[in-house]
K.L.:
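Can you read through this structure? Questions will come right after.
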Amino acid sequence: MLVVISSKSSYRVNWLTSSSFVIALLLALPIFVIAGFVFSGSAEVFTHLYNTVLFDYVSNSILLMLGVGFGVLLLGIPTAWLTSVCDFPGRKIFAWALLLPLAVPAYIIAYTYTGLLDFAGPVQTTIRQVTGLGYGEYWFFDIRSLMGAILMLALVLYPYVYLLSRAAFLEQSASTLEVSRTLGYNQWQGLFQLALPLARPAIIAGLTLALMETLADYGTVQYFGVNTFTTGIFRTFYGFGDAVAAAQLAVCLLSFVALLVLVEKYSRRKSRYHSTAEFKAKAKLIPLSGWKAVVAFFICFLPILFGFLIPAGQLAFWSLTQADLSDGSFFQLAWNSFYLAFLAAIIAVGFALILAYAGRLNPKKVVQFSVATAGMGYALPGTIIAIGVIIPFAWLDHQLIDAAKKWFDADVGLVLSGTLAALLFAYTVRFLAVSLGAVQSGLGKIKPSIDGAARTLGCTPLQVLKQIHVPLMKSSVLTALLIVFVDVLKELPATLILRPFNFNTLAVRAFELASDERLIDAAPSSLLIVVVGLIPVILLSRSIAKGRAGS
Amino acid sequence: MNRAKHLNVENVTLAYGEDDIVHNASLLLDKGEIGCLLGPSGCGKSTLLRAIAGFEPVKSGHISMRGQLLSNPQDTVPTEQRKIGMVFQDIALFPHLSISENIVFGIKKWSKSDQKRRVQELLTLIGLPDIADRYPHSLSGGQQQRVALARAMAPKPDLLLLDEPFSGLDANLRETLVPEIRDILRKEQMSAILVTHDQMEAFAMADKIAVMQNGRIQQCGTAFNIYHEPKTRFVADFIGLGEFLQASIKDEYSVDSVLGCLVGDEPLGYAPGTPVELLIRPDDIQHCEESPLTGRIVSKWFRGSHYLYHVQLDNGEVLPCITACHHDHDVGEDLGISIELDHLVVLPICDPETGLCDLQESEVVQTQAIAR
């Protein structure tokens, strides 16, 4: 990569190119480390895993994926179809309200429902009071099971399918469906013959996103005692202290994820062909009335009720009436979470800006590769990233400690793995793609000719940045900061593994309290996470409403 | 070389990576002149324009303006120091600034009162005096394009570049906007270069047109020039309507063809007996009821003020013919035609498959030299 340096501006471009490359390499470190264990380590450990637990992990993970996949399709597609094509009371509210469950992390909804549905919870207590039956004399659904985990995950992950398939339905030109009417299909036949097949790439993309989250989930399955890859990695790492075996399990999980990423990429590649026409005839909504409207109303209302209203209401009730906040640790937790999330957001967005500008100014293969590599982290479960970070950081720390002892006779301690550095690094790996997406879409709106116009009017490249890009990019950068902030706030597995000793965040503390059956005391932290998590959901639904109004 | 021209583009070759996009392009522009780069999409005209603006480095050759070197392979004066204004295809107004702020953007160093005067002056010039405080999104496409022009002209640049400025506008708007913009440029005595693929735009705006194909300037001249005296088959084809007729050179001034012996007013520059193609424009063929020469009408196109017919001669060759509107004939009828050619345009024979000509350019020059 020899570039002749001829003027100042190309020098700047090279600086950007090389730093984007360095960032990409740095962020790919965890993946390299994990992937490295495919070839190193002993086959012995793996054989042991294979003989004992591996089958359990694989079958549970697959069943979980099948169940959640079925669930999110069942909840996501009909709601998307109804809110985008039909007209019935409440449609406009449902259109954004169906996104609300996205604000609730799966582990939080899991223990909220546990509190509601287990033996001592209000539901079963009521049943016993009404029927007079005692313990063991009646059957009740056991929420702490694989089925329970599937339900919980489907309830909070269906918005991915809803969001993408709704966009696809809205994008379908009315004329497409009208053509089918002229060929003798009625509206409902049109749905199955045309609308669904046309939306298939989007539906698959949404499904794979939901399944990636399912694979990455740790809190729910751990709480319900379902053995999957993520819990296995945790147990191997903490229980047996065996980093190599944990990493080898992570490799297995990684191959599942890689498969999903490929499917997702493939479906997106195809989906591009569907959105070429610039002006589309706006579809006339199909009016529903009578019992049809009632059915549509409940199809849309139930996911919101069970996915958001009940759990959020329960958390609010617990927080306001019964929770014990007397030890004051709640505010310390909130402070820890907030400044950690803020720092991570600044770092991730900073890196994203460098990568996005390198890609814009110098769209070479090296830069494209860097951008793609740096964005990979989002597909990775937090557990994998955590293992991939702790192994090299611990090794580096030991080198540092030895060196410091030798040369300065000082004990520096665990500079990297024992501090927030490891955590911030892991967050950046995991959430860079999110911020990159937001920054890139903002930058994409500034057409290159705008730069050109400013240059011909006498601006230096730096002045272009200051006078044109900064004001125009402000809102997308803020959005990127916000999304990373909220994602970090909700993140659980990587934080559990990488947090410094005695350092707690809202998510970690809520999970620990819930695991200790102190559900009510976990409520305030959870509620705060849900409330903050609502902000990006509101932003998202506002942009949906805007897109609709503009079309 | 030292002709004291305003803009001097000399033997410029431009490349993206290894691929040469523009080959040895040369261009001269006087002060106050409007030039045009005309060609099909992908011919390199926009790349050449971007090189003049300083967005692309030159691989060889040089670009200078008012005697000052702007680009050569070693050195590229940054765009912002060139005193060149540019109007973009997608208009590119700054969406976060008001119209007056957009126009002031290039003249921030001027005093506030001068800025204000210039903005008012330009808004009056473009015929939109009351929009200073509005924002770009509230304007129509044509209004935005005029504001973009005002913004580019505000700093009184030495040269204004227009990169397909009308291609995003609908046909009606284009028809009114093109002469409007030409008048504005004339009034400001602005030297300008327009890039377009539309010959009507080029004819309406430019004093001087350079026709480009495959990264080469095929011909440079006035609109009249390139229409009536195309130097290459491509130019003859690309500019205006016309058909090619097989012919052979008879002597210095005349050719033999199915239309008989045709005599031109200038030496043709080919050796007698050379097979050539004769360019026939629709206006070269007149309708004449009594003419002994007839052709069968194979197509008919109503064009408002006139009909454009294509008539087939006995030997199968097809000629275009324009008639006044009242000469309404049907396809299949015979049409009497007469030839009104006093200027012959002959071109070496090209293989329609490969586009290669029997006579290479050098040979043409040689035969021309011999003929003289």
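Please read all numbers here as calculations on a predicted model, not as lab measurements.
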K.L.:
What part of Gln463(A) gets closer than 4.5 Å to chain B, counting heavy atoms only: side chain, backbone, both or neither?
P.N.:
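Contact with chain B is absent: no heavy atom of Gln463(A) under 4.5 Å.
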K.L.:
Where is the tightest heavy-atom contact between Ala152(B) and Leu457(A), given as atom of each residue plus distance?
P.N.:
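Scanning both residues, the minimum pair turns out to be CA-CD2, 4.2 Å.
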K.L.:
Would the number of heavy atoms belonging to other residues, nucleotides or ligands and lying under 6.0 Å from CG of Leu262(A) be above 12?
P.N.:
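Enclosed.
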K.L.:
Looking only at heavy atoms, what is the nearest atom pair of Leu93(B) and Ile450(A), with distance?
P.N.:
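Taking every non-hydrogen atom into account, O-CD1, 3.7 Å.
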K.L.:
At what distance, to the nearest 0.5 angstrom, does NZ of Lys474(A) lie from NE2 of His96(B)?
P.N.:
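So the gap between those two atoms works out to 9.0 Å.
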K.L.:
Compare all side-chain heavy atoms of Arg455(A) with those of Pro78(B) and state whether any distance is below 4.5 angstrom.
P.N.:
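SC-SC contact between Arg455(A) and Pro78(B) confirmed.
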K.L.:
Around atom OH of Tyr357(A), are there more than 12 heavy atoms of other residues, nucleotides or ligands at under 6.0 Å?
P.N.:
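Enclosed: over 12 neighbouring heavy atoms sit under 6.0 Å from OH of Tyr357(A).
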K.L.:
State, to 0.1 Å, how close Gly452(A) and Phe55(B) come at their nearest heavy-atom pair, and which atoms those are.
P.N.:
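So the minimum-distance heavy-atom pair works out to CA-CZ, 3.3 Å.
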K.L.:
How long is the gap from NZ on Lys108(B) to SG on Cys459(A), to the nearest 0.5 Å?
P.N.:
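Atom-to-atom, Lys108(B):NZ and Cys459(A):SG are 6.5 Å apart.
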K.L.:
Just how far is it from atom OG1 of Thr456(A) to atom NZ of Lys83(B), taken to the nearest 0.5 Å?
P.N.:
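Going from the OG1 atom of Thr456(A) to the NZ atom of Lys83(B) covers 13.5 Å.
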K.L.:
Given the options Gln89(B), Arg151(B), Arg82(B), Gln81(B), which has more heavy-atom pairs under 4.5 Å with chain A than any of the others?
P.N.:
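Ranked by contacts with chain A, first place is Arg151(B).
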K.L.:
Just wondering, are more than 12 heavy atoms of other shown residues or ligands nearer than 6.0 Å to CZ in Phe342(A)?
P.N.:
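Counting neighbours around CZ of Phe342(A), 12 or fewer heavy atoms of other residues, nucleotides or ligands fall under 6.0 Å, so no.
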K.L.:
Is there a side-chain contact between Pro95(B) and Leu472(A), using heavy atoms and a 4.5 Å cut-off?
P.N.:
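A side-chain contact exists here, since the closest heavy-atom pair is under 4.5 Å.
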K.L.:
Would you say Arg360(A) has more than 12 foreign heavy atoms packed within less than 6.0 Å of its CZ?
P.N.:
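Above 12, so yes.
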K.L.:
Give the member of Pro155(B), Ala53(B), Ala92(B) that has the highest number of heavy-atom pairs under 4.5 Å with chain A.
P.N.:
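The answer is Ala92(B).
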K.L.:
Do you know which of Ile91(B), Asp90(B), Leu161(B) has the most heavy-atom pairs under 4.5 Å to chain A?
P.N.:
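Of the candidates given, the most pairs with chain A belong to Asp90(B).
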K.L.:
Sort Lys109(B) into side chain, backbone, both or neither according to what part of it lies under 4.5 angstrom from a heavy atom of chain A.
P.N.:
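No part of Lys109(B) comes within 4.5 Å of chain A.
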K.L.:
Just so I know, are the side chains of Pro461(A) and Glu80(B) near enough to count as touching, which here means a heavy-atom distance under 4.5 Å?
P.N.:
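Sidechains of Glu80(B) and Pro461(A): in contact.
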K.L.:
Do the non-hydrogen side-chain atoms of Ile468(A) and Phe105(B) ever get within less than 4.5 Å of each other?
P.N.:
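They are in contact (side-chain heavy atoms under 4.5 Å apart), so the answer is yes.
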